[in-house]
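Following: one structure in structure tokens, then a few remarks.
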Amino acid sequence: MTSSVALLLKELRLPAFVRHHERLWQTAVEKGWSHSDYLAALCEYEISERFTRRTQNWVREAGLASGKTFTSLDNKVLSQINQGVLARLSQDLSWAQHADNILLIGPSGTGKTHIASALGYQLIEQGIRCKLFPAIALVQQLQQAKRELTLMSEMSKLDKYQVIIIDDIGYVKKTDAETQVLFEFIAHRYESGSLIITANQPFSAWDQIFPDSMMTVAAIDRLIHHATIIELEGESYRKQHQLKQAGIRKNEKT
């Protein structure tokens, strides 16, 4: 009887039921659970394990920077204003539901990718699918699709990600082919899906990305219409960390 139940549960694709039904049945008998109590306990295991598997799969496919969470972020390098903004964005994810954008602007090494990845982990924990693309890799993927006359199909496939992170947009080469597909993608996502974008340059220098001034204005206009803009300042976070580590090693030797 037990083996037939296990087979039926496997057929129904309820792996947590398979693993726990016998042990929980013994607990149910010992504690006098009703049938509904027993079934509810099994369902809780199934839901919990499905959530864990989904989270692990989404984190794996998201391509987020490993270990770059809010827990590992050194808040001391952020202004109090930015700390408050990030606390709000990480706790209230309604911006993702409303297809709002987050723009992280600042010099290299100030924590933009760390913050973007930390937001990504937070989104996945709350059941919101996301994906991080280095800007150059995304553009190359879209260019390939355009050459194969499948650009719209490729952009639509990416709609499964409610939030897309474009990292280091300033490294996109200033060519008509690259900027055109990037602009088309920004236009495609406008008011339909959220973008988190990191950039080393202020908006005033984005003509280095989009050679056509009208395209630059149109792209920025779409991005900032529903957006939170976070400007990061200060010395490179990576450089500070390296100097700190070098100081620790020097002290250890002395």
Side-chain angles (χ1 to χ4, degrees), residues 50-73 86 89-106 111-148 150-173 178-200 209 219 222-230 232:
R50 285 188 182 188
F51 173 80
T52 300
R53 287 196 302 273
R54 184 190 68 185
T55 298
Q56 290 172 343
N57 290 336
W58 284 9
V59 166
R60 189 160 43 248
E61 76 168 359
L64 304 172
S66 179
K68 302 297 186 182
T69 65
F70 281 114
T71 302
S72 62
L73 180 66
L86 288 174
L89 292 173
S90 64
Q91 293 165 15
D92 179 5
L93 300 177
S94 60
W95 56 270
Q97 305 291 353
H98 299 150
D100 294 348
N101 302 321
I102 297 175
L103 308 177
L104 299 161
I105 314 293
K112 300 183 299 297
T113 302
H114 191 142
I115 292 170
S117 291
L119 287 168
Y121 284 114
Q122 200 77 8
L123 288 164
I124 292 173
E125 282 290 328
Q126 297 301 315
I128 298 174
R129 206 170 179 184
C130 70
K131 174 78 172 173
L132 184 150
F133 289 94
I136 293 175
L138 175 62
V139 165
Q140 290 173 343
Q141 181 174 325
L142 295 175
Q143 278 185 303
Q144 179 65 28
K146 189 167 188 175
R147 285 192 291 269
E148 296 172 356
T150 59
L151 180 59
M152 183 53 68
S153 174
E154 185 66 25
M155 292 193 296
S156 296
K157 286 179 183 177
L158 295 176
D159 288 343
K160 67 184 178 182
Y161 302 110
Q162 201 165 337
V163 178
I164 287 181
I165 302 169
I166 304 178
D167 195 27
D168 285 330
I169 195 173
Y171 288 113
V172 173
K173 295 178 182 177
E178 289 198 356
T179 54
Q180 183 63 39
V181 293
L182 180 59
F183 176 78
E184 289 184 51
F185 183 69
I186 290 171
H188 174 79
R189 296 286 295 188
Y190 178 58
E191 294 189 328
S192 66
S194 294
L195 292 172
I196 299 176
I197 293 180
T198 73
N200 293 339
I209 304 171
R222 284 167 171 78
L223 289 173
I224 69 174
H225 185 204
H226 305 289
T228 299
I229 302 171
I230 300 174
L232 300 166

Query raised in the report: Once you round to the nearest 0.5 Å, how far does CG of Leu123 lie from NZ of Lys131?
Result: 15.0 Å
Query raised in the report: Which distance, rounded to the nearest 0.5 Å, do you find between the CD1 of Ile165 and the CG of Leu138?
Result: 12.0 Å
Report task. Give the C-alpha distance, both sets of side-chain angles, the deciding distance and a yes or no for side-chain contact (heavy atoms from CB on, under 4.5 Å) between Val163 and Leu119. Result -> CA-CA 10 Å; Val163 178; Leu119 287 168; over 6 Å; no
Requested in this report: Measure from the side-chain N and O atoms of Thr198 to the backbone N and O of Asp168, and report whether any donor-acceptor pair falls under 3.5 Å.
Outcome: yes
Query - Smallest separation among heavy atoms of Ser72 and Gly67, with atom names - result: OG-O, 2.7 Å
Query - Spatial distance of atom CG (Leu158) from atom OG (Ser153) [nearest 0.5 Å] - result: 9.5 Å
Report task. Might you point out which heavy atoms bring Ser90 and Phe70 nearest each other, and give the distance in Å? Result -> CB-CE1, 3.5 Å
Report summary line: CG (Leu182) and CD (Gln143) are apart, to the nearest 0.5 Å, by 10.0 Å
Query raised in the report: Taking only residues two or more places apart in sequence, or in another chain, which ones meet Phe133 in a ring pair (Phe, Tyr, Trp, His ring centres under 6.0 Å)?
Result: none
Query raised in the report: Below 4.5 Å, heavy atoms only, C-beta onward: do His225 and Asn101 meet side chain to side chain?
Result: no
Query - Contact check, side chains of Glu125 and Trp58, non-hydrogen atoms, under 4.5 Å - result: no
Query raised in the report: Any side-chain donor-acceptor pair under 3.5 Å between Asn57 and Arg54?
Result: no
**Report entry** Gln56 versus Arg53, side-chain donor and acceptor atoms under 3.5 Å
**Finding:** no
Report task. Could you give me the CA-CA distance, side-chain angles and deciding distance for Ile128 and Gln97, then say whether side-chain contact (heavy atoms from CB on, under 4.5 Å) is met? Result -> CA-CA 9 Å; Ile128 298 174; Gln97 305 291 353; 3.7 Å; yes
Requested in this report: Decide yes or no for Ile196 and Trp95: does some side-chain heavy atom of the first lie under 4.5 Å from some side-chain heavy atom of the second?
Outcome: yes
**Report entry** pair Gln122-Gln91: side-chain heavy atoms closer than 4.5 Å
**Finding:** no
Query - Result of checking Val139, Ile209, Asn200 against Tyr171 for side chain to side chain contact (heavy atoms under 4.5 Å, CB included) - result: Asn200
Report summary line: Output for pair (Leu232 CG, Ile115 CD1), nearest 0.5 Å, gives 4.5 Å
Query - Any donor-acceptor N/O pair, Asp167 side chain to Thr113 backbone, under 3.5 Å - result: no
Report task. Taking all heavy atoms of Ala135 and all of Ile166, pick out the closest pair and write down the distance. Result -> CB-CG2, 3.7 Å
Report summary line: When rounded to the nearest 0.5 Å, the distance separating CZ of Arg222 from CD1 of Ile186 is 9.0 Å
Report summary line: From the list Gln180, Gln141, Glu154, Glu184, side-chain hydrogen bond (donor to acceptor under 3.5 Å, both in side chains) partner of Lys146 resolves to Glu184
**Report entry** Test item: Thr150 side-chain N/O and Ala145 main-chain N/O as donor-acceptor pair under 3.5 Å
**Finding:** yes
Query - Residues forming a salt bridge (Lys or Arg N to Asp or Glu O under 4.0 Å) with Arg189, sequence neighbours excluded - result: Asp159
**Report entry** Side-chain heavy-atom pair Ile102, Asp100 within 4.5 angstrom cut-off
**Finding:** no
Query raised in the report: Taking C-beta and beyond as the side chain, do Arg129 and Glu61 meet within less than 4.5 Å on heavy atoms?
Result: yes
Requested in this report: Taking the side chain as every heavy atom from C-beta outward, state whether Ser194 and His226 have any pair of such atoms under 4.5 Å apart.
Outcome: no
Report task. Taking the side chain as every heavy atom from C-beta outward, state whether Leu195 and Phe185 have any atom pair closer than 4.5 Å. Result -> yes
**Report entry** Minimum heavy-atom distance Leu64-Ser117, with the two atoms named
**Finding:** CD1-O, 3.9 Å
